[in-house]
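Once you've had a glance at the structure underneath, I'll fire off some questions.
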Amino acid sequence: FLHLEKGEKSPDKKSMMELPPVTSQENGLSQILRLVLKELSLFYSRDVNGVSLLYDLLHSPWLQALLKVYECLQEYIMKKPIPVLSQAQALSCEVVELLREVPQSPEVRELRQVLKAKHFQGATIKRHEITGDIMVARIIHGGLADRSGLLYAGDKLVEVNGISVEGLEPEQVIHILAMSHGTIMFKVVPVSDRPINNQTTVYVRTMAKYCPWEDPIIPCADAGLPFRKGEILQIVDRNDSLWWQARKVSDFGACAGLIPSNHLLKRKQREFWWSQPFQPHSCLKSTTYGEEFAGYGHQFFIAGFRRSMRLCRRKSHTSQLPAYTHCYNALGAPYEEVVRYQRHPSDKHRLIVLVGPSGVGVNELRRRLIETDPNHFQSAVPHTTRSKKSYEEDGREYHYVSKETFESLVYGHRMLEYGEYKGNLYGTSVDAVRKVLDEGKVCVMDLEPQSIQVARTHELKPYVIFIKPSTLNHMRQSRKNARIITDYYVNIKFKDEDLQEMEELAKKMETQFGQFFDQVIVNDSLQEACAELLTAVQQAQDEPQWVPATWICSDTEPP
Ligand SMILES: Nc1ncnc2c1ncn2[C@@H]1O[C@H](COP(=O)(O)OP(=O)(O)OP(=O)(O)O)[C@@H](O)[C@H]1O
């Protein structure tokens, strides 16, 4: 289907010798076929056994098309050295007409689409700024042109299907291609220095979303690769400093598409990315906080299930504090280089972080996970500046520290997350998490999404699971008997607006922090969500996962 003619090169003499002798058009196979069909038609009406079958077979359009193509190719060989493009064009039209009535196989349909795609055969064209020539701007990795190995970026386009492209606008050339049926022939003058792509491929996680059709500066939107936040891309070509080529690891069969380079995307980000500030959850706005909750009413005590921790998060002033500034720095990198990592059985476990809007069931799921095997799963013991109660034990419910000690932990960046509640400070330290991991256990904690960045370190290698609410209708059913934990004394039923708020907040969290989520679990049926959580946690520990390259090799440069 794709014929590429390069410059003025004559046909290969050796291949000519090996071909059967030339048949002239008049005595050609089509002529013989016509005669045979004429003979057969005489017997057709007499109902001679098998004649109708033979007639239909020889009369089929595909056989006639095949003969036509064969004869025409013989003709081209005769008229050496230059193939006759006008004839080729006429031939392709005739053959297409012949085959038009024949139902097409899916493969033929697909091929037609490829051939008619706006970035023809996986290449883009542009007008040379100085000479005005139509040039091949880039070859799309894995596309038809790339696989043919015949077209290169920088080749000058001279003719398309016999029509000179001199003086034409690139759009007009595309129009000719779009109007062409079947075979498309290009006449090109090859670029003198063919580029060699000797770059190593790099894998990245996208930290922003991108839609080529909404990008006014992309050279060819049809050749663009749209992506969501958090997708893993394989970057296959970085020759152009502004436009790279990449493909999704989730769709390896597809050919590559254009994506803005790191440099370009950063520039764009400065213009319009992350313009919406994160809205903190307001579910508890009108709640009067009571006494903090201890023990959570369960048979055994699990550290880290402090209601005060969750309540103070919502009132926290964390974004003003130094520990949280990393978050904004990291958002500046549009692509994060990633590598495949599988924890060695002798390595420490990865930290499991659960994230979700208030009331979605983060703590319920965490508690149930720990209950499945309390010797294997554990929470980290938080710190607090409030005084110890008579029934409490230092290092079990909390680490009880002075305000000065707590603040020194904060300013020393030792706190993963912290906040103030009723005049006391509460927080979880890196050391508390490390203690669980050092004991060979899996540390499971919940974090506000703004704090994920702080936990994303080479040491903790957090695996982040987003707990997502199901649809409103489902939640109205499933949360009938559930209680929102807002206060020590009053556990109120979920109202419709609480559920709506949960849904809205979940959307915002996904939009703003979705790039950090390794897994998303919809908490519809508690039992199913628990089973999914257990599987996800096991996969995080025992199966290969994409992690930032800096966690594995500390000297990795950003792509
Ligand atoms: N899938 C579910 N089906 C029914 N009830 C659920 C489900 N998930 C959680 N719940 C209930 O919803 C209530 C709130 O859950 P939970 O306390 O775990 O929320 P949370 O995400 O930790 O939010 P917060 O931090 O505000 O407490 C609890 O009563 C819990 O038992």
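Only heavy atoms go into these numbers, but all of them, side chains included; no hydrogens, no water, no symmetry mates. Both counts, for ligands and for their atoms, begin at 1 and track the order of listing. Computed from a prediction, not measured in an experiment: that's the story for all the values here.
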* Got an N/O contact under 3.5 Å between Ala482 and ligand 1? -> no
* To do: Just jot down the ring pair (Phe, Tyr, Trp, His ring centres under 6.0 Å) partners of Phe377, sequence neighbours excluded, or say none.
  =>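 With sequence neighbours excluded, Phe377 shows a ring pair (Phe, Tyr, Trp, His ring centres under 6.0 Å) to no residue whatsoever.
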* Asked: Is the backbone of Asp542 close enough, under 3.5 Å, to the side chain of Gln342 for a donor and an acceptor to pair up by distance?
  ->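 At least one qualifying donor-acceptor pair exists.
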* Structure fact -> Min over Gly356, Gly359, Pro357 of heavy-atom distance to atom 20 (P) of ligand 1 lands on Gly359
* Is any N or O atom of Asn363, backbone or side chain, closer than 3.5 Å to an N or O atom of ligand 1? ->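 Checking ligand 1 against Asn363, an N or O pair does fall under 3.5 Å apart.
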* Please name all residues satisfying ring pair (Phe, Tyr, Trp, His ring centres under 6.0 Å) with His376, sequence neighbours left out, ordered by chain then number. => His349
* Can you sort out which atoms of ligand 1 are near Asp524, meaning under 4.0 Å from one of its heavy atoms? => 1 (N), 2 (C), 3 (N)
* Pick, from Glu528, Arg479, Met475, the option with the minimum heavy-atom distance to atom 3 (N) of ligand 1. => Arg479
* **Short side-chain to backbone donor-acceptor contact, Arg479 and Val360, under 3.5 Å** => yes
* To do: Tell me whether the centres of the aromatic rings in Phe513 and Phe466 are closer together than 6.0 Å.
  =>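 Ring-ring flag for Phe513/Phe466: false, centres at least 6.0 Å apart.
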* Could you say whether the N/O atoms of Phe494 and ligand 1 ever approach to under 3.5 Å? =>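 N/O-N/O distance under 3.5 Å: no.
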* **Heteroatom proximity flag, Val362 to ligand 1, N/O under 3.5 Å** =>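 The answer is yes, given that Val362 and ligand 1 share an N or O pair closer than 3.5 Å.
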* Asked: Between Tyr203 and Trp546, is the ring centre distance below 6.0 Å?
  ->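 Judged by ring-centre distance (under 6.0 Å), Tyr203 and Trp546 do meet the cut-off.
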* Asked: Does one side chain, of His344 or Ser346, offer a donor that lies under 3.5 Å from an acceptor on the other?
  -> yes
* Any Asp446 heavy atom less than 4.0 Å to ligand 1 -> no
* To do: With heavy atoms of Ser478 as the reference, note each atom of ligand 1 found under 4.0 Å away.
  =>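 Ligand 1 atoms under the 4.0 Å threshold to Ser478: 3 (N), 4 (C), 5 (N).
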